[in-house]
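Read the numbers this way: they start at 1 and go in the same order the structure lists the ligands and their atoms.
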Amino acid sequence: MTKVITYGTFDLFHEGHYKLLERAKALGDYLIVGVTSDYFDKCRGKFNVHDSLMTRVKNVEKTGFADEIIVEEYFGQKIDDIKSYDVDIFTVGSDWIGFFDYLGEYCKVVYLERTKGISSTEIRNANNVKLGIIGNEDIVKRFVQELACVSSCELIGIYCNDEDKTILPNVTRFNYMDKLIENCDAVYVNLPLSERYAVIKNVLLSGKHVLTEFPFGDDLDKAKELIELADSKNLVIMEGLKTAYCPAFNKLISIAKSGLVGNIINVEAKFTQILADDLDTQIKIAGGSVVSLGAYPLLAIFKLLGNDYTEVKFYSRIENGVDTYSKIDFSFDGAIASGIVAINAKSEGDLVVTGTKGYIYVPAPWWKTEYFELRYEDINKNSKYFYKFEGEGLRYGIVEFIKCIKDGKKNNMFLSKEDILSEVAVLERYKNSTDVKYF
Ligand code: CTP
């Protein structure tokens, strides 16, 4: 019996996939099809896969050509599969010519002519989301670089007050904000917090989706108003806090919630930075410590312990009228948590989740981690977890934003509207100096 194996994503299943599987089956008697897992696709740079793994598997199954379907989860798996399934022929489409020659050491390699004129990428790109940018805060250059890694999205241009045309020389400049909004489906709002509310409202009233920088705001009524406005117009509104959308952070939350370290009784998250040598520049770039960085520890605390806290207290060191080092303490029923943020001081930026059976340690910088560890009294039980973090990480949030728009999903589980409002409620308390001790 001749065993054949082939691999693919098989997203938005199309004629090219069908014909490939048909011919792969005809090469032998038994066909194994490897369908890539979502995580593996992200690791190899394929971000906007539309269909879920189950849908993609089902579509391959429906063709009736596959005798067996497996999931491809890691680099190097092909060699393992060829050996363990005793495969005679490995085949893929001609777009991969030469790439898999190294498998010739283990079995015969056949490249089948690719069906012309069709691909999942083309189908995905047929309805590109047209995105505009308003504002040019520090992060905008990184955002544009990350955007280039995301398919199904086309950058239309930028509107900003800055005269300096060298900032993003290859991006079209719009002289009027409304003209940019008119030409887009969605807008990334990258303005200082004080200017965001009015612009977001304008974008939503114009019927366009919004991705905004973190924090979402420090005024609860205004935040609610924007979210309700988006809902009433069936528009997506999302906060681009990168950690919320990253693979390792999400695995960490799932693992912690599944009780592997017992009941969570304490969460300690720190994010401290010194961006410039002098304080004035530091303040100009970052603003205060709570408003510029507080969203990160709040995310970890609320995701791990929920947002039903009984008490919150703040401690802030003030320099030149601005909070440069702050601690936010929470009490929950049966747990406590604290976040430390700084714009003009430095300490270890780690995250520690204490449980009744052990703890989770995420080394600095935990907000863009690829790695964390579960640690126990008995060190033989310790385990390490690795998940890739691509580029600057902004692409994860952009992908989710595009996905929500395309699928008509108004909320996302990574950073839901409820999560956003919990964050804003804390920042509002801080802004109003409720329960703040200065030092
Ligand atoms: N394939 C093909 N003809 C096409 C498209 C794909 O023969 N027009 C083959 C690929 O060469 C591969 C298999 O189908 O062997 C699965 O390909 P996959 O990467 O899932 O499909 P694409 O449409 O190429 O997807 P993408 O555009 O996302 O790369």
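- The aromatic rings of Phe13 and His17 are tilted relative to each other, their planes meeting at an angle between 30° and 60°.
- Protein neighbours of ligand 1 below 4.0 Å, counting non-hydrogen atoms: Gly8, Thr9, Phe10, His14, Gly16, His17, Leu20, Lys46, Val92, Gly93, Asp95, Arg114, Thr115, Ile118, Ser119, Ser120, Thr121, Arg124.
- Sorted by first and then second residue, the pairs that involve residues 138-148 and meet side chain to side chain donor-acceptor pair (under 3.5 Å), not counting sequence neighbours, are Glu146-Arg395.
- Listed by first and then second residue, the side chain to side chain donor-acceptor pair (under 3.5 Å) pairs that reach into residues 207-218 are Tyr188-Glu213, sequence neighbours excluded.
- Applying the salt bridge (Lys or Arg N to Asp or Glu O under 4.0 Å) rule to pairs touching residues 188-204 yields Lys201-Glu225, sequence neighbours excluded.
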Could you walk me through whether Asp51 and Arg56 pass the salt bridge (Lys or Arg N to Asp or Glu O under 4.0 Å) test, one step at a time? CA-CA 6 Å; Asp51 293 338; Arg56 293 181 288 119; over 6 Å; no
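- In this pair, Tyr385 and Phe372 present their aromatic rings parallel. The plane angle is below 30°, not in the 30 to 60° band.
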